[in-house]
Amino acid sequence: MDQEDRIALFLDYENLALGARDHRGGAAFDFRPIADALAERGRVVVRRAYADWSYFDEDRRMLTRSHVELIEIPQRMGASRKNAADIKMAVDAIELAFERDYISTFVICSGDSDFTPLVHKLRELNKRVIGVGVEGSTSGLLPPACDEFLYYDRLEGVDIPPARGRRARPTTRQAGAEQRPPEPEREHEPEVDRRAAGEEPGRDVDALAVFVAQSVAGLQGSANGEVTASRLKRTLLRKDPTFSESDYGFRTFGELLRHLAERNVIELGEGPAKGDPEVSLPEHGDREVAFGLLRGVVADLGSGGNPVALSGLKNQVRRARPDFSEKKLGYRSFLQFCKAAATAGVLDLRWSPEADDYLLTTQT
């Protein structure tokens with residue numbers, strides 16, 4: 001148990017509950033999916049929720065059954081009540097960070113950007129911070145500030161709402177319950193059907209492959225030691241705290257890595273611990289093929305030893321091989337790919353002030 005992360009959970013309950021009802025077709029907020037997600041990340045030793053509980057009577061019973069401590073904010077003056085809850089929650093979190101050294105992770109359940117300074121301060125105190133918020137009501141400033149951000153809508157156990165649509169934020173719990181989408185909005189249901197059939201709009205596995213390959217290349221180039229799967233996962237979350245392999249249809253991160261290895265995007269080797277393989281980019285195979293492709297295109301365009309300008313060269317390479325992408329090989333740009341080919345001795349690359357461009361020639 002000493003190896004487990006100790007987690008302190010703080011819920012800005014009004015933000016979560018009203019956000020869920022406003023953006024999820026009036027559905028009630030369910031705490032259980034959050035509890036399950038955190039159980040996979042460590043041992044939750046503190047659970048506190050902040051609200052004026054006279055507005056959330058049924059929710060209060062649900063949270064009590066889940067052993068959440070309810071912090072009463074009794075003011076009834078709209079914005080001042082909301083500010084009082086935010087301030088109390090922030091003060092308690094900072095106090096706990098100083099008094100409980102064994103707590104390594106703080107979970108801030110809110111989509112309010114006002115908590116961004118709190119997140120920064122907790123990380124400054126060497127605490128890991130996980131954010132949780134409803135996707136439609138989360139400020140764009142909060143997720144990048146966290147070490148990891150979980151969208152409530154995407155958690156296991158949260159049902160997909162019957163219809164999607166943005167509506168005005170309800171001012172009370174009763175208003176949130178009454179503002180259900182009208183019957184004509186059922187025309188959106190085919191979108192849900194497509195998702196159930198496995199089609200995820202905006203979740204491009206090819207883009208994911210590029211993201212992973214670039215991250216592995218960066219780790220190999222800038223860090224000492226081997227790149228393990230656990231280290232790679234932490235890096236991906238630092239780049240995009242909302243990243244989750246489940247959004248792309250994979251049950252585990254290891255399953256995602258095996259899929260990319262089968263596509264020759266990465267290579268997996270034996271790591272320092274069981275279940276934590278070493279991840280690297282292919283040193284041969286596709287990379288050498290790509291270098292050969294580049295050399296062949298340059299030789300064809302520059303017949304007679306004439307230099308070929310870098311500008312427009314990528315389009316010529318894609319004409320020869322439409323699925324070509326330097327990013328799948330771990331290069332951030334086509335120029336970086338060409339420089340790697342030059343370093344490998346495949347061709348010559350030099351800057352020409354007269355042409356105001358890089359010129360490439362094949363070696364004789």
Side-chain angles (χ1 to χ4, degrees), residues 8-35 37-38 44 46-96 106-119 122 129-143 145-146 149-155 158-159 161 165-180:
L9 170 64
F10 293 84
L11 295 100
D12 177 11
Y13 196 77
E14 182 175 347
N15 180 277
L16 287 177
L18 295 185
R21 290 164 185 152
D22 188 19
H23 295 276
R24 307 195 73 255
F29 173 78
D30 184 6
F31 174 71
R32 177 50 52 187
I34 294 179
L38 297 182
V44 181
V46 175
R47 301 183 183 191
R48 296 178 184 173
Y50 299 74
D52 183 341
W53 296 107
S54 63
Y55 286 90
F56 304 101
D57 190 54
E58 292 297 325
D59 307 62
R60 179 170 54 187
R61 284 190 274 271
M62 176 263 294
L63 292 170
T64 301
R65 287 194 296 269
S66 297
H67 310 288
V68 177
E69 180 184 359
L70 307 182
I71 308 300
E72 178 72 36
I73 307 296
Q75 293 92 337
R76 309 294 176 88
M77 298 299 294
S80 64
R81 172 171 57 84
K82 173 61 179 164
N83 290 339
D86 291 356
I87 293 170
K88 173 64 173 170
M89 182 169 149
V91 169
D92 285 358
I94 292 297
E95 182 181 40
L96 206 64
F106 283 74
V107 179
I108 307 300
C109 294
S110 177
D112 194 340
S113 62
D114 290 346
F115 286 106
T116 303
L118 171 63
V119 172
L122 289 171
V129 181
I130 300 174
V132 181
V134 177
E135 191 163 7
S137 62
T138 295
S139 166
L141 298 176
L142 189 59
C146 301
F149 196 91
L150 306 175
Y151 284 116
Y152 170 78
D153 319 58
R154 304 180 190 174
L155 294 178
V158 177
D159 295 331
R166 299 179 68 92
R167 293 173 299 282
R169 181 185 179 94
T171 55
T172 66
R173 182 180 180 222
Q174 182 65 25
E178 290 177 354
Q179 292 188 11
R180 296 182 180 274

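Applying the side chain to side chain contact (heavy atoms under 4.5 Å, CB included) rule to Ala145 yields the partners Thr116, Val119, His120; only residues at least two apart in sequence or on another chain are considered. By the side chain to side chain contact (heavy atoms under 4.5 Å, CB included) test, Pro33 is found to be paired with Asp30, Leu155, Val158, residues two or more places apart in sequence or in another chain being considered. With sequence neighbours excluded, the residues that form a side-chain hydrogen bond (donor to acceptor under 3.5 Å, both in side chains) with Arg60 are Asp57. Take Phe149 and apply the ring-ring contact (aromatic ring centres under 6.0 Å, His included) test, not counting sequence neighbours, and it matches Tyr151. With sequence neighbours excluded, the residues that form a salt bridge (charged side-chain N to carboxylate O under 4.0 Å, His left out) with Asp153 are Arg24. Applying the ring-ring contact (aromatic ring centres under 6.0 Å, His included) criterion to Phe31, with sequence neighbours excluded, gives no partner residue. The ring-ring contact (aromatic ring centres under 6.0 Å, His included) test applied to Phe29 returns Tyr13, Tyr152, not counting sequence neighbours.
In this structure, Arg47 does not pair ionically with Glu69, as no charged nitrogen and carboxylate oxygen lie closer than 4.0 Å. Remark: Asp59 engages Arg21 in a salt bridge, criterion side-chain N to carboxylate O under 4.0 Å.
You'll find the side chain of Ile108 stays beyond 4.5 Å of the side chain of Asp12, heavy atoms only. Leu96 places a side-chain heavy atom less than 4.5 Å from the side chain of Val46. You'll find the side chain of Arg154 reaches within 4.5 Å of the side chain of Glu135, heavy atoms only. Counting heavy atoms from C-beta outward, Phe56 and Glu14 have side chains that approach closer than 4.5 Å. In this structure, the side chains of Phe10 and Asp92 come closer than 4.5 Å at one or more pairs of heavy atoms. At a threshold of 4.5 Å between non-hydrogen side-chain atoms, the residues Ile71 and Lys88 count as touching. In this structure, the side chains of Leu9 and Cys109 come closer than 4.5 Å at one or more pairs of heavy atoms. Taking 4.5 Å as the limit, every side-chain heavy atom of Met89 sits out of range of all side-chain heavy atoms of Leu11.
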*Does the side-chain contact (heavy atoms from CB on, under 4.5 Å) test come out yes or no for Val129 and Leu118, once each step is laid out?*
CA-CA 10 Å; Val129 181; Leu118 171 63; over 6 Å; no
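Counting all heavy atoms, side chain and backbone alike, Ala20 lies closest to Val134 at N-CG2, 3.7 Å. Of all the heavy atoms in Asp112 and Asn15, the pair that sits closest is N-ND2, 3.9 Å.
Remark: the backbone N or O of Leu141 is paired with a side-chain donor or acceptor of Ser139 at under 3.5 angstrom.
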